[in-house]
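Throughout, residue positions are numbered sequentially from 1 according to the sequence presented.
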Amino acid sequence: MLGFLLVGLFLIFIITIVALIGGNGKTQKNDKNAFEGNEKDTRFKYDIYNPKEYFISNYERYFYNIFKEIATENNLIVHPQLNLASIIEKPKSNLQKSRTNNALFRNIDFAFFTEDYRELLLLVEINDRTHLRKDRKERDQKVINICKTVGIKLIHFYSTSNDNSKEHVKYVILKVLKENNPNF
């Protein structure tokens with residue numbers, strides 16, 4: 001009787017181990033078959049994380065191309081997808097009050113810097129229809145409040161706008177840069 005019990009426990013142990021490593025005897029990290037598709041598709045196919053196929057949307061790319069032109073013409077740097085925590089810090093006294101710094105772990109669509117990255121000149125958000133959702137409005141308001149608090153200029157372009165032409169976008173960006181940066 002004891003022998004059957006030991007065999008049963010051993011089988012349960014083996015089944016548990018196999019289930020934990022994915023059922024194929026290999027972890028996904030070491031599995032040479034983690035790549036799926038043809039030779040052109042080299043993205044990993046994991047259950048937990050996958051690299052994004054595109055880092056910015058087509059609409060953001062449209063603006064990025066305009067912003068790159070502005071940056072080139074004015075010896076500036078335009079940086080896409082910038083995390084607020086990389087340009088804003090909480091004083092240590094505030095960090096001790098709240099153990100997390102989550103409010104700063106939000107990305108801004110674009111940032112304009114001087115060519116030497118010594119001065120942040122402007123932040124730009126591109127708001128599509130998803131920004132009409134309640135959760136996005138709350139997130140956007142937090143970002144606006146943070147930027148106002150630290151004195152960083154933030155402007156928005158909206159996908160629903162009637163005039164997002166290249167000429168208009170360039171006009172707005174250059175106007176804001178000149179108004180808010182005396183050395184520009």
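Atom OH of Y62 is separated from atom CD1 of I126 by 10.0 Å, given to the nearest 0.5 angstrom. Considering CD1 of I144 and CD of Q141, their distance stands at 4.5 Å, rounded to 0.5 Å. Note that the OG1 atom of T114 and the CD1 atom of I77 stand 8.5 Å from one another [nearest 0.5 Å]. Here CG of N181 is found 4.5 Å from CG of L121. Values are rounded to the nearest 0.5 Å.
Scored by the salt bridge (charged side-chain N to carboxylate O under 4.0 Å, His left out) test, K166 finds E69 as partners (sequence neighbours excluded). R133 is linked by a salt bridge (charged side-chain N to carboxylate O under 4.0 Å, His left out) to D135, counting only residues two or more places apart in sequence or in another chain. Under the salt bridge (charged side-chain N to carboxylate O under 4.0 Å, His left out) criterion, E167 pairs with no residue at all, not counting sequence neighbours. Residues forming a side-chain hydrogen bond (donor to acceptor under 3.5 Å, both in side chains) with N180 (at least two apart in sequence, or on another chain): none. Checked against side-chain hydrogen bond (donor to acceptor under 3.5 Å, both in side chains), K148 has no partners two or more places apart in sequence or in another chain. For R139, the salt bridge (charged side-chain N to carboxylate O under 4.0 Å, His left out) test picks out E125, with sequence neighbours left out. Residues satisfying the side chain to side chain contact (heavy atoms under 4.5 Å, CB included) criterion with D163, sequence neighbours excluded, are S165, H168. Under the side chain to side chain contact (heavy atoms under 4.5 Å, CB included) criterion, N65 pairs with R61, K68, sequence neighbours left out.
Considering every non-hydrogen atom in both V78 and A71, the closest pair reads N-CB, 4.1 Å.
A 4.5 Å side-chain heavy-atom check between L177 and L76 finds at least one atom pair inside the cut-off. Contact of the L104 side chain with the I146 side chain is registered, since non-hydrogen atoms from C-beta on lie closer than 4.5 Å. E60 has its side chain within reach of F110: a pair of non-hydrogen atoms, C-beta onward, lies under 4.5 Å apart. The side-chain heavy atoms of F112 and I173, taken from C-beta on, include a pair separated by under 4.5 Å. Side-chain contact between F67 and V169 is present, with at least one heavy-atom pair separated by less than 4.5 Å. At least one side-chain heavy atom of I87 sits under 4.5 Å from a side-chain heavy atom of L123.
Listed by first and then second residue, the salt bridge (charged side-chain N to carboxylate O under 4.0 Å, His left out) pairs involving residues 72-84 are E73-K170 (not counting sequence neighbours). Residue pairs meeting the ring pair (Phe, Tyr, Trp, His ring centres under 6.0 Å) criterion with at least one partner in residues 114-151, sequence neighbours excluded, are F113-Y117. Among pairs with a residue in residues 104-119, those fulfilling salt bridge (charged side-chain N to carboxylate O under 4.0 Å, His left out) read D116-R118, at least two apart in sequence or across chains.
Remark: side-chain polar atoms of Y64 are not paired, donor with acceptor, to backbone N or O of I56 under 3.5 angstrom. Looking only at distances, a side-chain donor or acceptor of N83 sits under 3.5 Å from a matching main-chain atom of A85.
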Indicate every side-chain donor-acceptor pair of residues 149-160 with a distance under 3.5 Å to a residue at least two apart or in another chain.
{"from": "T149", "atom 1": "OG1", "to": "N145", "atom 2": "O", "distance (Å)": "2.7"}
{"from": "H156", "atom 1": "ND1", "to": "N127", "atom 2": "ND2", "distance (Å)": "3.1"}

